[in-house]
Amino acid sequence: MLDSKLIEENMLEVKRKLDSRGAEVDYDQFRALDLGRKEIIKKVEELERERNVGSKKVGELMREGKKEEAGALQEEMKEISSKIKNLGELRAKAEEEFRDFMLMIPNLPNDLVPVGKNEEDNVEIRKWGEPRDFDFTPKDHVEIGKDLDILDLDRAAKITGARFALYKGLGARLERALINFMLDIHTNDHGYKEVLPPFMANTESFIGTGNLPKFEEDLFKIQDSNFYLIPTAEVPVTNIHRDEILKEEDLPIKYVAYTPCFRSEAGSYGKDVKGIIRQHQFNKVELVKFSTPEKSYEEHESLTQNAERILELLGLPYRVVVLCTGDMGFSSAKTYDIELWVPSENTYREISSCSNFEDFQARRASIRYRPKQGGKTKLVHTLNGSGLAVGRTFLGILENYQQSDGSVTIPEVLVPYMGGVTKISN
RNA sequence: GGAGGGAUGGCCGAGCGGACGAAGGCGCUGGUCUCGAAAACCAGUGGGGUCGCAAGAUUCUCGUGGGUUCGAAUCCCACUCCCUCCGCCA
């Protein structure tokens, strides 16, 4: 959520920035809702003041034994109270409408973000590793997985449906190895605290991160409850500190969490239908940070590097792009995508998205901190990024480490996690 | 599933119709003392909104939402969450 005062005071600048990301906002409506709300607040508060003063007076008169005067005043106050009740309802409605309106406005892109319309305008920042030169025709991960009997998409479809996966044997082991490997690196080397959160969260939590109210169709909802399956650990982990006041001394707070992620993928019919690129359920290790505003961009860089390091240790080629204004997510102020080299597609595909949300989520979720010097509480900055999407890492290993005989060698760092297995073959 | 108990400020904890945004303690900040620190002592110290350049004014906020009342942390109702006991169960 944006600061309504910022919109009020810098409307042209806000409009320019929101336009740059293709957001349509009705500024006249903003003004009307904001002014209407302020006006009614003023009215109600004036009446409340009268009532408070009057009621106190009634008490005094009673104690002094002036019953008649007290009674008369009581009658007066009765009327004021009923007025307050009526106006109060209007006030609640005005404030709710205003908040609902504000919740639908996306974040402002940071000034450093390149302006653009869509993913074609994203800017490559750096590349790591050389895509392998195959001296045979490489297979895609679906074929490799099938031939080695470690990935069974047909049976997964029988169990559940399209866009689900059944990992088998060393395939299941590899998925588990990757999860453990990532968690170990981030906790031991990068200083994150491991958490294992619920895989469902309530409406408030989803509003906090910005997934609701606008993107409900992307989520799986649990019937007869206000719980949704999480589409990313970002939701439960960011909300760990919802409605809290943190100490500046404790910042930055860094969490790493493994969770499965559930996405309805509404609107992506026909997109990436083959293989495990786009699934309704996939595993992910997520990095989340809470930072002071001063340090958040530094933390954004290091978070992205922490994610990149996993790919480097695994020897998987990748590149990093900064998303342009038009391609960023709703809540983000700046996002880096890390893209993995996928031989079968002869291109790079997203494997991690690292964002700085600045105070956008913090304002929605009321996550603040007390400055060391004292003074007013301030909103923290929240950040997160995949470190990494496990299914796509699995895919990367299968495709990049495949051999001409159909086997897949295991990257050295994973061998201990694979119980000493160095190669998956028939 | 059945029976009870509870939810108060950054934390602990009192209050149970009017002078209560709330005792006391802890923590934090400043000061006294000290070469310095600790201890002790003194003082200050919640959060959000509206108005205001500010000082400040005002209002809301004692789990959430309703109700009773001139007036609610305090009484009533519903809901949520936590705890104890019984039953069931991975």
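Letters A, B, ... are given to chains in the order of the sequence lines, protein chains preceding strands, and every chain is numbered from 1.
- A close approach under 4.0 Å does not occur between any side-chain nitrogen or oxygen of A/N52 and OP1 or OP2 of B/U58.
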Using residues 106-119 of chain A as the side-chain source, report each donor-acceptor pair under 3.5 Å to any protein atom, sequence neighbours left out, with the distance given to one decimal.
residue, atom, partner, partner atom, Å
A/N107, ND2, A/S331, O, 3.0
A/N107, ND2, A/F357, O, 3.2
A/N110, OD1, A/L112, N, 2.8
A/N110, ND2, A/Y297, OH, 3.1
A/N110, ND2, A/E358, OE2, 3.3
A/D111, OD1, A/K17, NZ, 3.2
A/N118, OD1, A/E120, N, 3.0

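- Taking atom CG on A/D243 and atom C1' on B/G47, their separation rounds to 11 Å, with Å as the unit.
- Summarising the geometry, the separation between CZ on A/R91 and P on B/U50 is reported as 10 Å, rounded to the nearest angstrom.
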Please write out the pairs of protein N or O atoms and N or O atoms of nucleotides 66-71 of chain B separated by less than 3.5 Å, giving the distance to one decimal.
residue, atom, partner, partner atom, Å
B/G67, OP1, A/K85, NZ, 3.2
B/C70, O4', A/Q74, O, 3.3
B/C70, O3', A/S81, OG, 3.4
B/C70, O2', A/S55, OG, 3.0
B/G71, OP1, A/S81, OG, 2.6
B/G71, O4', A/S55, OG, 3.1

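- Minimum atom distance to the side chain of A/R37 is reached by B/G49, of the listed B/U58, B/G49, B/G47.
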_Pairing annotation in dot-bracket form, given for RNA chain B with Watson-Crick or G-U pairs under 3.5 Å and | for cross-strand partners_ = ((((((((.[[[..)..(.....]]]((((((.......))))))((((((....)))))).[[[[[..)....]]]]])))))))....
*asked:* Set out, in order, the CA-CA distance, both residues' side-chain angles and the distance that settles ring-ring contact (aromatic ring centres under 6.0 Å, His included) for A/F394 and A/Y167, then state yes or no.
replied: CA-CA 11 Å; A/F394 177 98; A/Y167 295 80; 4.9 Å; yes
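- Separation of the C1' atoms belonging to B/G65 and B/C70 is 24 Å when rounded to the nearest angstrom.
- Distance noted for atom C1' between B/G71 and B/G18: 7 Å (whole Å).
- Both A/K378 and A/R49 sit near RNA chain B, but only A/K378 has its closest nucleotide nearer the 5' end.
- Of the C1' atoms belonging to B/C60 and B/G4, the separation is 34 Å, rounded to the nearest Å.
- If you take CD of A/E249 and P of B/C11, they are 15 Å apart, rounded to a whole angstrom.
- B/G25 and B/C41 have their P atoms separated by 10 Å, with the value rounded to a whole Å.
- Look at the C1' atom in both B/G2 and B/C89: the space between them is 16 Å, to the nearest Å.
- Whole-Å rounding puts the A/L35 CG to B/U50 P distance at 12 Å.
- Residues A/F206 and A/N239 have side chains not in contact (no heavy-atom distance under 4.5 Å, counting atoms from C-beta outward).
- Using a 4.0 Å heavy-atom distance criterion, A/T377 is classed as a sugar-phosphate-only contact.
- Taking only side-chain atoms of A/E48, from C-beta outward, the nucleotide of B/G46, B/U59, B/U50 with the closest atom is B/U59.
- With both ends at atom P, the span from B/A57 to B/U45 equals 13 Å, rounded to whole Å.
- Surrounding CD of A/E39 are at most 12 heavy atoms belonging to other residues, nucleotides or ligands under 6.0 Å away.
- Computed from coordinates, the A/E50 CD to B/U59 P distance equals 11 Å when rounded to whole Å.
- Judged as a side chain to side chain donor-acceptor pair (under 3.5 Å), the pairs with a partner in residues 416-426 of chain A (not counting sequence neighbours) are, in order, A/D184-A/Y417.
- One N or O on the side chain of A/R363 and one on the backbone of A/M1 form a donor-acceptor pair closer than 3.5 Å.
- Per the geometry, CG belonging to A/N202 stands 11 Å off C1' belonging to B/U80, to the nearest Å.
- Under the side-chain contact (heavy atoms from CB on, under 4.5 Å) test applied with A/N283, the options A/E175, A/R176, A/R392 reduce to a single match, A/E175.
- Under 3.5 Å, the side chains of A/S291 and A/S296 contain no donor-acceptor pair of N or O atoms.
- For A/H190, the ring pair (Phe, Tyr, Trp, His ring centres under 6.0 Å) partners two or more places apart in sequence, or in a different chain, are A/H186.
- A/Y258 meets the ring pair (Phe, Tyr, Trp, His ring centres under 6.0 Å) test with no other residue; sequence neighbours excluded.
- One atom, CD of A/E248, and another, C1' of B/U29, lie 15 Å apart when rounded to the nearest Å.
- When the C1' atom is used for both B/G67 and B/G15, the distance is 23 Å, rounded to whole Å.
- Proximity of A/R91 to A/E45: side-chain heavy atoms (C-beta onward) are separated by under 4.5 Å at one or more points.
- One atom, NZ of A/K376, and another, P of B/G10, lie 13 Å apart when rounded to the nearest Å.
- A distance of about 30 Å separates the P atoms of B/U64 and B/U29, rounded to the whole Å.
- OP1 or OP2 of B/G10 has not a single side-chain nitrogen or oxygen of A/R368 nearer than 4.0 Å.
- Taking only side-chain nitrogens and oxygens, A/K5 comes nearer than 4.0 Å to OP1 or OP2 of B/U50.
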